[in-house]
Amino acid sequence: MGQLEYVKALTIAGSDSGGGAGIQADIKTMSALGVYAASAVTAVTVQNTLGVSDVHAVPPAVVEAQIRSVMDDIRPTAIKIGMVYDADSMRAIVQAFSHYAPLPIVLDTVMVSSSGSAFMQAGAFECLRDTLLPIATLVTPNLPEAARLAGMDVRCLADMDAAARRIAEYNPGWLLIKGGHLNRTRIEDRLYKNGELVAVFGGMRVETTNTHGTGCTLSAAIAAYLAMGHGVPEAVERARDYVQQAIAQGACVITGRGFGPVNHLFAPVPLQAKASGAPMCTQRLQYRTKS
Ligand code: PLP
């Protein structure tokens with residue numbers, strides 16, 4: 001048999017010391033789905049399930065160097081970008097990717113934590129919209145983020161469609177607007193391409209406060225499925241399924257005194273590998289079992 005290589009993805013995101021969101025959630029998610037996770041840390045946040053008490057940005061040159069180091073050697077086949085605190089780091093990421101052939105990039109437009117802390121410096125929003133958005137294959141805003149990107153209120157499904165048309169001016173590619181903030185029992189996420197509605201993904205809301213990091217988890221899962229070679233709609237469908245199960249399987253578990261994490265590891269699978277240099281026809285590694 002020839003040489004094998006893992007299916008690999010890179011997450012570029014902030015660290016959550018509480019372990020439920022950010023880069024920790026991304027690495028758990030990708031690993032649980034059988035994808036090797038490399039990482040570039042953009043910021044260190046001091047937080048637990050009760051909230052965020054501090055944020056420290058990593059110097060932009062170090063963000064860029066981490067990406068180049070991973071890209072030059074490990075060669076992931078899909079990228080997830082989460083929290084990026086300042087405009088210089090956003091430009092450093094764009095600069096880093098200018099050296100490589102285009103790859104699928106999932107951009108989770110992280111702006112504010114659910115507890116209200118700023119995950120993006122004041123003044124960096126225009127840079128996010130004008131430099132980071134255009135390099136993304138898929139952008140995954142929640143309703144408040146979609147509203148900010150579109151410059152309009154988004155309060156219903158029709159508003160989501162109108163916002164998607166406006167956001168297409170900055171990125172004509174794929175856009176997944178997550179409808180979780182519409183206070184309905186049935187959640188609807190809407191997938192667009194160049195502002196046109198392509199697919200609607202529905203699901204029932206699970207009653208739990210353990211939803212910290214669900215946005216990070218979803219975008220990381222999408223990147224993992226893209227790394228395996230799935231197209232965007234299928235990757236989104238599979239990733240939503242994973243997140244729904246992870247929420248359900250962690251709904252009744254207490255981790256701290258506040259908003260807990262989902263159960264990323266409800267059904268981990270071994271790392272997948274493919275023949276080195278081959279297209280995305282993945283095969284299971286032969287793991288030795290204990291006798
Ligand atoms: N911490 C970090 C570093 C994040 O990037 C994110 C979201 O993207 C979160 C926390 C998520 O926080 P919450 O689920 O409270 O919105």
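Indexing begins at 1, ligand by ligand and atom by atom, following the structure's order.
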In terms of residue, atom name and distance, what is the protein heavy atom nearest to [atom]?
atom	result
atom 5 (O) of ligand 1	Met83 CB, 3.5 Å
atom 3 (C) of ligand 1	Gly14 O, 3.5 Å
atom 4 (C) of ligand 1	Phe119 CE1, 3.7 Å
atom 13 (P) of ligand 1	Ser114 OG, 2.9 Å
atom 7 (C) of ligand 1	Cys216 SG, 3.1 Å
atom 11 (C) of ligand 1	Ala21 CB, 3.7 Å

- Do any nitrogen or oxygen atoms of Gln47 lie less than 3.5 angstrom from nitrogen or oxygen atoms of ligand 1?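 N/O-N/O distance under 3.5 Å: yes.
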- So is there a nitrogen or oxygen of Asp16 less than 3.5 Å from a nitrogen or oxygen in ligand 1?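 Asp16 vs ligand 1: no N/O contact under 3.5 Å.
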- Message: Within 45 degrees of the ring normal and closer than 6.0 Å to the centroid, is that where the cationic atom of Arg190 sits relative to Phe201?
- Response: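 Checked: cation-pi criterion not met.
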- Message: Please determine whether residues Ile12 and Met83 belong to a single hydrophobic cluster, defined as Ile, Leu, Val, Met, Phe, Trp and Tyr linked transitively by side-chain heavy-atom distances below 4.5 Å.
- Response: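 Per the 4.5 Å side-chain linkage, Ile12 and Met83 are not co-clustered.
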- Message: Yes or no: does Gly213 have any heavy atom under 4.0 Å from an atom of ligand 1?
- Response: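 The answer is yes: ligand 1 sits under 4.0 Å from a heavy atom of Gly213.
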Strictly by modelled atom types, are [X] and [Y] linked by a side-chain donor-acceptor pair under 3.5 Å?
X	Y	value
Glu145	Thr109	yes
Arg75	Tyr100	no
Lys80	Ser219	yes
His212	Asp16	yes

- Step by step, would you call Phe119 with Met111 a side chain to side chain contact (heavy atoms under 4.5 Å, CB included)? CA-CA 5 Å; Phe119 278 159; Met111 298 177 193; over 6 Å; no
